[in-house]
Amino acid sequence: MPDRIDAWTHIFPKAYFAKLQTVANAAGPLKRWLELKPLYDLDHRFRLMDSFAGYRQLLTPSMPAIEDLTDGQAAVDLMRLMNDGLAELVSRHPDRFQAFAAALSLHDIEAALAEIARA
């Protein structure tokens, strides 16, 4: 069977998810996210992935958008934390994760442009 690459695969890298749990604006949606284990639990995600032959993912940042959580330097820090986590997942599991789509905070366009080049 040919490889399949799923590009609608939201995820919270571990460090980002831990930080998100300290952000006041995330308190409401956090209850729902905790019920969606593939968003943050790699073992659970891998078990699901293993049920499909030739299946890989292009990782995408999960909602909410960083702009909805915070602004200023905190938004820039969240953006970088997400992208570092996504890059690490792709690097550690290239057989499962093809690539990732970077997160950007549009509160600071200059920082977003720098992050595009960095990611």
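Numbers here are sequence positions counted from 1. Just so you know, these numbers come straight off a predicted model, no measurement behind them.
- For the atom pair Asp84 CG and Asp77 CG, the distance stands at 10.5 Å (nearest 0.5 Å).
- Between Gln57 and Met49, some side-chain heavy-atom pair lies under the 4.5 Å cut-off.
- In the hydrophobic clustering of ILVMFWY residues, with side-chain heavy atoms under 4.5 Å counting as a link, Leu104 and Ile109 come out together.
- The shortest non-hydrogen separation linking Pro13 to Met82 is CD-SD, 3.4 Å.
- Within the 4.5 Å cutoff, the side chain of Arg47 has no heavy atoms near those of the Asp50 side chain.
- Remark: side-chain polar atoms of Asn83 are paired, donor with acceptor, to backbone N or O of Met79 under 3.5 angstrom.
- Using a 4.5 Å heavy-atom cutoff, the side chains of Ser105 and Val76 are not in contact.
- Within the cation-pi definition used here (under 6.0 Å to the ring centroid, within 45° of the axis), Arg96 qualifies as a partner of Phe46.
- Between Asp95 and Arg56 there is no salt bridge, since none of the side-chain N atoms of the basic residue sits less than 4.0 Å from a carboxylate O of the acidic one.
- Closest approach of Phe100 and Val90 over heavy atoms only: CD2-CG2, 4.0 Å.
- Closest non-hydrogen pair, Leu69 versus Tyr16, comes out as CD1-OH, 3.9 Å.
- Across all non-hydrogen atoms, the minimal contact from Leu58 to Ala101 is CD2-N, 3.9 Å.
- Side-chain atoms of Glu67 come within 3.5 Å of backbone atoms of Leu106 as a donor-acceptor pair (strictly under, hydrogens ignored).
- His107 places no side-chain N or O within 3.5 Å of a backbone atom of Gly72 that could act as its donor or acceptor partner.
- Two residues are said to be in side-chain contact when any heavy atoms from C-beta on lie closer than 4.5 Å; Leu39 and Ile11 fail this criterion.
- Summarising the geometry, atom NE2 belonging to His10 is positioned 4.0 Å from atom OG1 belonging to Thr60; distances are rounded to the nearest 0.5 Å.
- Shown here for Leu42 and Leu89, the closest heavy-atom pair between the two residues is CD1-CD2, 3.6 Å.
- Leu48 contributes atom CG, which lies 8.5 Å from atom CZ of Arg45 (distance to the nearest 0.5 angstrom).
- Side chain of Asp108 to backbone of Ala111: a donor-acceptor contact under 3.5 angstrom is found.
- Here NE2 of His44 is found 9.0 Å from CG of Leu36. Values are rounded to the nearest 0.5 Å.
- Under the 30°/60° scheme for interplanar angles, the aromatic rings of Phe17 and Tyr40 are found to lie parallel.
- Atom CG of Leu59 is separated from atom CG of Leu86 by 6.0 Å, given to the nearest 0.5 angstrom.
- Two residues are said to be in side-chain contact when any heavy atoms from C-beta on lie closer than 4.5 Å; Arg118 and Arg80 meet this criterion.
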